[in-house]
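The shown structure was predicted, so the numbers you read here are calculated from the model rather than taken from an experiment.
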Amino acid sequence: MVRANGAVSLRELARVVQTSEVTVRRDVRALEAEGLLDRRHGGAVLPGGFTRESGFPQKSHLATAEKTAIADLAASLVEEGEAVVVGAGTTTQELARRLARIPGLTVVTNSLLVAQALAHANRVEVVMTGGTLRGSNYALVGSGAEQSLQGLRVTRAFLSGSGLTAERGLSTSNMLSASVDRALVQAAAEVVVLADHTKLGTDTMFQTVPTDLISRLVTDEPPSHDDRAATELQALADQGVRIAVAGGAGGSSAGVSGTGAGSGAGSVAGAGGSGGEAHQAGRQSRRDVPLPGQRRTHTAGPGPGPTSGGPGSPLRSAGASLASQELGERARVADLRRR
């Protein structure tokens, strides 16, 4: 399957061979030891290390559900009438499909796939860069693309890539693509990286966006067994990257603030405009959550009201057992208010 498609997800492998992902992961590890493939978070690719880049057909089959959730959350950051740049990639293509619903946008892109997704959108103006077509990802690259971005200024740049680490930031396997992405970054006041958990902790050959230039990361929650991705998320947050995790309980999206000096107060949940009713709904469904591995601490101090245990209250008259229940309920209510 890897030879035919260039890449394959563990979930798809488990479905095809009708076994668990744990078994598939063990077998993929054995195949990697024989040099037959390279493991990636959530899947496997043909051997090639830093220099190999999967084409669009291969990338489009990896982490599809995660990319959809990421695109939903990222779109809620965009306001009506805004001007943004959107780079090439399968995740940014999903984002473009959602931006088509927001009126008054101006979208600058070097991606034919992004432009195609927006081609029939009402009141969305699409501006394409010049450049040379790179067929493997349907993107315009080269000096023509970079020169057309000179003097441009927009509010946000939405970019994806091949890998993301706290040490080097966003990276890709192709030099021409990396150069255009850097030009897109220079045109934006804020850089938003879209990367599913399979890219966290993966480092590729050409750096596109150093960590200190990444304002926000929109990603999905790593699986419980993926310690490396969770560690990378924490390291990015410690360096001031504001992190939004898509796909919370019940399909909602959750915002997470970076904890570093540059993160600022508040989370992604407080950013962006309405962008229509769908975006208001998405905004209301977000909540602050801890990063994977973090634990919440709750302090339920005394206060006025029926749960304070004042004279005549049920808490004081019901004895120790009821008091314990009441304190637990008060902590739960305080937690709900905090959320």
Testing the basics here: between [X] and [Y], what is the closest heavy-atom pair and its distance to 0.1 Å?
X: A83; Y: V154; result: O-CB, 3.2 Å
X: S177; Y: N137; result: OG-ND2, 3.9 Å
X: G87; Y: V114; result: O-CG2, 3.8 Å
X: A178; Y: T172; result: CB-CG2, 3.6 Å
X: V28; Y: A44; result: CG1-CB, 4.1 Å
X: Q186; Y: R153; result: O-NH1, 3.3 Å

To the closest 0.5 Å, what do you measure between [atom1] ([X]) and [atom2] ([Y])?
X: D196; Y: E66; atom1: CG; atom2: CD; value: 6.0 Å
X: L233; Y: D238; atom1: CG; atom2: CG; value: 11.0 Å
X: L73; Y: T68; atom1: CG; atom2: OG1; value: 13.0 Å
X: L105; Y: N122; atom1: CG; atom2: CG; value: 12.0 Å
X: I214; Y: E190; atom1: CD1; atom2: CD; value: 12.0 Å
X: L113; Y: E94; atom1: CG; atom2: CD; value: 10.5 Å

side-chain hydrogen bond (donor to acceptor under 3.5 Å, both in side chains) with S171: which residues, sequence neighbours excluded? T204
Derivation of the side chain to side chain contact (heavy atoms under 4.5 Å, CB included) call for T208 and L159: CA-CA 9 Å; T208 56; L159 298 176; 5.9 Å; no
Is there a donor-acceptor contact under 3.5 Å from the side chain of [X] to the main chain of [Y]?
X: N110; Y: A139; answer: no
X: S179; Y: L176; answer: no
X: Q239; Y: A166; answer: yes
X: T129; Y: S148; answer: no
X: R182; Y: Q207; answer: yes
X: R156; Y: L77; answer: yes
X: S173; Y: M205; answer: no

The residue among V84, V126, V85 that forms side-chain contact (heavy atoms from CB on, under 4.5 Å) with V108 is V85
V218 and side-chain contact (heavy atoms from CB on, under 4.5 Å): which single residue from L194, V245, T91 fits? L194
For a salt bridge (Lys or Arg N to Asp or Glu O under 4.0 Å) check, start with the C-alpha distance between R228 and E232, then their side-chain angles and the critical distance, and finish with the verdict. CA-CA 6 Å; R228 186 168 78 162; E232 206 69 50; over 6 Å; no
Could you tell me whether the side chain of [Y] reaches within less than 4.5 Å of the side chain of [X], counting heavy atoms only?
X: T109; Y: L118; answer: no
X: M128; Y: L112; answer: yes
X: L164; Y: V241; answer: no
X: I102; Y: V124; answer: no
X: V180; Y: L140; answer: no

So R134 and N174, side chain to side chain contact (heavy atoms under 4.5 Å, CB included) or not? Walk me through it. CA-CA 10 Å; R134 185 165 179 261; N174 182 264; 3.2 Å; yes
Are K67 and S160 linked by a side-chain donor-acceptor pair shorter than 3.5 Å? no
Between S111 and Q93, do the side chains contain an N or O donor and an N or O acceptor separated by less than 3.5 Å? no
For R123, look at atom CZ and say whether over 12 heavy atoms of other residues, nucleotides or ligands are found less than 6.0 Å away. no
E32, CD atom: more than 12 neighbouring heavy atoms under 6.0 Å: yes
Test side chain to side chain contact (heavy atoms under 4.5 Å, CB included) applied to L200 and L217, step by step: CA-CA 11 Å; L200 297 176; L217 165 64; 4.2 Å; yes
Qualifying side-chain hydrogen bond (donor to acceptor under 3.5 Å, both in side chains) pairs with a residue from residues 13-26, counting only residues at least two apart or across chains: E12-R15, S20-T23, R25-H225
